[in-house]
> 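Take a look at the following structure, please.
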Amino acid sequence: MTMSDTDKDGLIAKFITTVIGDKRRWRQYKARVKQLPPNYRTAVEAIERYVMHFGPSDSDGAASLFEDVADLFERAAADGTPIREIVGQDPVEFVEALVQNYTKGGYVARERNRLISAIDQAAGEDAGNQDGTV
């Protein structure tokens with residue numbers, strides 16, 4: 001079976017978008033962060049490190065999150081908003097709330113759902129058999 005030229009062009013375009021598009025977005029994001037005042041840049045880089053470990057696992061979700069963080073800190077820097085007014089007293093809580101908006105396909109959300117489902121199933125079994133037998 002052979003591919004038509006149209007199919008090949010589509011695959012190549014998809015490959016380029018996947019590989020080059022994400023790199024372009026990342027470079028643009030990093031350039032924006034570099035332009036921030038030093039204390040804002042330090043805060044964004046700290047958020048970035050944390051998100052790399054606990055944030056969305058899909059590249060589009062992560063890129064969108066980073067771009068939104070850059071937007072937030074650019075506006076805050078322009079307005080002179082203190083960093084603590086942005087992230088509050090608990091930066092982990094701030095980032096966890098932020099990440100919740102971007103993790104629809106991430107492994108963390110998937111594992112949370114698996115945990116909830118397993119506990120619900122176990123609790124349902126416990127309700128029917130108090131002695132633990134099946």
> In the hydrophobic cluster built from side-chain contacts under 4.5 Å, what are the other members alongside I116?
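None; I116 is a cluster of one.
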
> Once ring-ring contact (aromatic ring centres under 6.0 Å, His included) is applied, do any residues pair with Y50, and if so which ones, sequence neighbours excluded?
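Partners of Y50 under the ring-ring contact (aromatic ring centres under 6.0 Å, His included) test: F54.
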
> Sequence neighbours excluded, which residues qualify as side-chain hydrogen bond (donor to acceptor under 3.5 Å, both in side chains) partners of Q35?
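By the side-chain hydrogen bond (donor to acceptor under 3.5 Å, both in side chains) rule, Q35 matches no residue at all.
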
> Do you know which two heavy atoms are closest between Y29 and E67, and how far apart they sit?
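The pair with the smallest heavy-atom distance is CD1-N, 4.3 Å.
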
> Please output the side-chain donor-acceptor pairs of residues 85-92 that fall under 3.5 Å, not counting sequence neighbours, one pair per line with the distance.
from : atom 1 : to  : atom 2 : distance (Å)
D90  : OD1    : V92 : N      : 3.1
D90  : OD1    : E93 : N      : 3.3

> Ignoring hydrogens and angles, write down the donor-acceptor pairs under 3.5 Å from the side chains of residues 69-79, residues two or more places apart or on other chains.
from : atom 1 : to  : atom 2 : distance (Å)
D71  : OD1    : R32 : NH2    : 2.2
E74  : OE1    : R32 : NE     : 3.4
E74  : OE1    : R32 : NH2    : 2.7
E74  : OE2    : R32 : NE     : 2.9
R75  : NE     : D71 : O      : 3.3

> For residues 37-51, which residue pairs qualify under salt bridge (Lys or Arg N to Asp or Glu O under 4.0 Å), counting only residues two or more places apart or in two chains?
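Residue pairs passing salt bridge (Lys or Arg N to Asp or Glu O under 4.0 Å), neighbours aside: K30-E48.
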
> Applying side-chain hydrogen bond (donor to acceptor under 3.5 Å, both in side chains), name anything that partners T42, two or more places apart in sequence or on another chain.
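Testing T42 for side-chain hydrogen bond (donor to acceptor under 3.5 Å, both in side chains), a comparison that skips the adjacent residues, returns none.
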
> Looking at side-chain heavy atoms only, is the closest gap between I47 and F94 below 4.5 Å?
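They are in side-chain contact.
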
> Using the ring-ring contact (aromatic ring centres under 6.0 Å, His included) criterion, which residues pair with Y40? Sequence neighbours excluded.
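Partners of Y40 by the ring-ring contact (aromatic ring centres under 6.0 Å, His included) criterion come out as none, since no residue qualifies.
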
